[in-house]
Number of protein chains: 2
Amino acid sequence: MTTNRKLDDAARAAWLYYVAGNTQDQIATKLGVSRQSAQRLVSLAVAEGLVKVRIDHPIANCLDLARQLVARFGLTYCDVAPTDPEATSSTIGIAELGAAEMERWLRRSEPIVIAIGTGRSLRAAVEQLPRIDCPQHKVVSLTGNISPDGSAAFYNVIFSMTDRITARAFPMPLPVIASSAEERDMLRAQPMIRRTVEMASRADVAFVGIGELDDDAPLVMDGFLTPGDVARLREAGAVGEIFGWAFDAEGKLAGSINERVASSPIPDVGRTSVIAIAKGPRKLPGIAAAIRGHLVNGLITDEATAQALLNQE
Amino acid sequence: MTTNRKLDDAARAAWLYYVAGNTQDQIATKLGVSRQSAQRLVSLAVAEGLVKVRIDHPIANCLDLARQLVARFGLTYCDVAPTDPEATSSTIGIAELGAAEMERWLRRSEPIVIAIGTGRSLRAAVEQLPRIDCPQHKVVSLTGNISPDGSAAFYNVIFSMTDRITARAFPMPLPVIASSAEERDMLRAQPMIRRTVEMASRADVAFVGIGELDDDAPLVMDGFLTPGDVARLREAGAVGEIFGWAFDAEGKLAGSINERVASSPIPDVGRTSVIAIAKGPRKLPGIAAAIRGHLVNGLITDEATAQALLNQE
DNA sequence: TAAGCTCATGAGCAATTACTCATCATCGGA
DNA sequence: TCCGATGATGAGTAATTGCTCATGAGCTTA
């Protein structure tokens, strides 16, 4: 509980600093601590993600790019974050927008089913979520959460999500990619898995990441594929993957690995809002293919990526 | 249009600053302006209200309510604890805050006089106090500590306080309410009592509880009043009491019982910080009256009560 | 065209914030 | 009990930010 007490003070200090506009000296006086401690409390609050800053202004260029993407690729939803050309984080900007969009869905009073894929951007977005009490909703994982070594896969985000929101959660106790097509079929046949897959197919909204197929692709990092597997996928024309499903430049599933993918199928954009969260030049081919092939009908990306998508062909 | 363009830049600068974490120097470089201009853009964005900061912690709402109460009722101090809807204790939260505020006063190096009233919340707050060595201060009781049966009144807290802190203590060897106005006057005339009352009137800070006037009011429980007395007080318009002094909805002393109250007068808020510690729906009318009538100028309560106070009228 | 006005700009400086380091207390395990 | 690890603290200092002021460009008006 000592941590709780500390976070309390941190939140208080952050409130006094950011909301009430006190200097850290004033905060120190009010809280009866030294100036340095006040500073530490404020930065603790920031580090813990207690402080959420939102810029309430649709930057014209971003809005414009989003509009163009919607028109050009028949999207139903698109949001574009400003690009910081030298930002070190690969998720900055899109994480905040992703969290905002998730929050809009979660705030709905009528019960909905939210499906969640995998990926670093998605994880970053979920970590930006505030606490929301929404027991009416269900959150269902689109993909397994078991690493080849038996541990929980790092980029599986459903547990991070249920840390913050009080919805019913349906994880998938599976690997992302099984060792063979037969094993995949056997796993899928389990009644509990079947029900989860079924529920995912009827989700109202799905948030997914898009993975590149480099040698340091997330699926390789997590140990599901070897660099050789990825090379064969590329030879088969694959340019990206969405929770394991590899697809080619037209957005058609490609490569024999797909026979071993144990994830739910990608929900149908006719029934579900499938929203991709991804940015960056390395993911560009995958993003382009996914929106061109209508694997997804929503996109959250950044200015540079949006511009690149529009410059293509 | 020029304003629009400017706001756009301001939003972008603010985004780079608050979300992406750039320094204003970096922003200046990226936007191709001078550092000073970058600073101006950021502060313009703030001034225009483009920047919304949210503290994602229960404490945030509390601080906000506290600020509203201060503004609405002209308080000099207010603190609001989070409400735990299923807490069984009637003092949880406010006890900790009360103790924290007491501690802030006690930690001062210059000698002060601290006056203490009565009540369960106050007792709970004192029990949260750490041991503090502060022989420079004086603690003076605002009210008697003798029950009608001659024992020490349970809710008198000055001894609990001096168990923990090494300050000079000035209790009041009196009942809270005398059996007649004459007896009250006689008791008050004793030189020692006179000095104590005099000291209390010059206290720097006073911590008081607010009692409700139900049939199980603390004054009834302690045997000072009969349920009939309380009913008559209510008929006279009284809605609450502070160490014996009953007052009506405007915060004016009300009811003939006040002629028999042997406690010190409630210190003047012009000279003393009079801080009430109270929460709960049953005490709500009393709290509202006390702050509206400026019997107190400080309040420690919980979220639910704070909200209810603000919702009134 | 010149005077007067507004407003943007950058220099310089003061205030504020962030970081580093040395010290000290606390705590769990040998 | 001692020891090392961990974490909290305050001093000192570097980095960053906010403010003021003088300058000058651009624009309006006499």
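Hydrogens, waters and symmetry mates play no part in the numbers below; they use all other heavy atoms, side chains included. Throughout, a chain's letter reflects where its sequence line sits, starting with A, and its residues are numbered from 1.
- Applying the salt bridge (Lys or Arg N to Asp or Glu O under 4.0 Å) test to residues at least two apart or on different chains, the pairs with a partner in residues 41-65 of chain B are Lys52(A)-Asp56(B), Asp56(A)-Lys52(B), Glu103(A)-Arg54(B), Arg54(B)-Asp56(B), Asp64(B)-Arg67(B).
- Axis angle, first five pairs versus last five pairs of the helix from dT1(C)-dA30(D) to dA30(C)-dT1(D): 20°, rounded to 10°.
- With sequence neighbours excluded, no residue forms a side chain to side chain donor-acceptor pair (under 3.5 Å) with Ser43(A).
- The stretch residues 24-32 of chain A touches DNA chain C through Gln24(A), each having a heavy atom under 4.0 angstrom from the strand.
- Sorted by first then second residue, the salt bridge (Lys or Arg N to Asp or Glu O under 4.0 Å) pairs that include residues 24-40 of chain A, not counting sequence neighbours, number zero.
- For Arg168(A), the side chain to side chain donor-acceptor pair (under 3.5 Å) test picks out no residue, with sequence neighbours left out.
- Under the side-chain contact (heavy atoms from CB on, under 4.5 Å) criterion, Val220(A) pairs with Ala217(A), Leu225(A), Pro227(A), Val230(A), not counting sequence neighbours.
- Qualifying side-chain contact (heavy atoms from CB on, under 4.5 Å) partners for Glu212(A), counting only residues two or more places apart in sequence or in other chains: Asp214(A), Pro218(A), Arg282(A), Lys283(A).
- Under the side-chain contact (heavy atoms from CB on, under 4.5 Å) criterion, Pro135(B) pairs with Asp133(B), Thr166(B), sequence neighbours left out.
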For nucleotides 8-12 of chain C, tabulate all protein N/O to nucleotide N/O atom pairs closer than 3.5 Å, reporting atom names and distance.
unit_1	atom_1	unit_2	atom_2	d
dG10(C)	OP2	Ser34(B)	OG	2.6
dG10(C)	N7	Arg40(B)	NH1	3.3
dG10(C)	O6	Arg40(B)	NH2	2.5
dA11(C)	N7	Gln36(B)	NE2	2.4

Could you give the side-chain donor-acceptor pairs of residues 296-305 of chain B under 3.5 Å, partners two or more places apart or in another chain?
unit_1	atom_1	unit_2	atom_2	d
Asn297(B)	OD1	Val274(B)	N	2.8
Asn297(B)	ND2	Val269(B)	O	3.4
Thr301(B)	OG1	Ala278(B)	O	2.8
Asp302(B)	OD1	Thr305(B)	N	2.9
Asp302(B)	OD1	Thr305(B)	OG1	2.6
Asp302(B)	OD2	Thr83(B)	OG1	3.2
Glu303(B)	OE1	Thr83(B)	N	3.1
Glu303(B)	OE2	Asn61(B)	ND2	2.5
Thr305(B)	OG1	Gly280(B)	N	2.9

Scan the side chains in residues 10-20 of chain A for donor-acceptor partners under 3.5 Å anywhere in the protein, sequence neighbours excluded, and list what turns up.
unit_1	atom_1	unit_2	atom_2	d
Arg12(A)	NH1	Asp79(B)	OD1	3.1

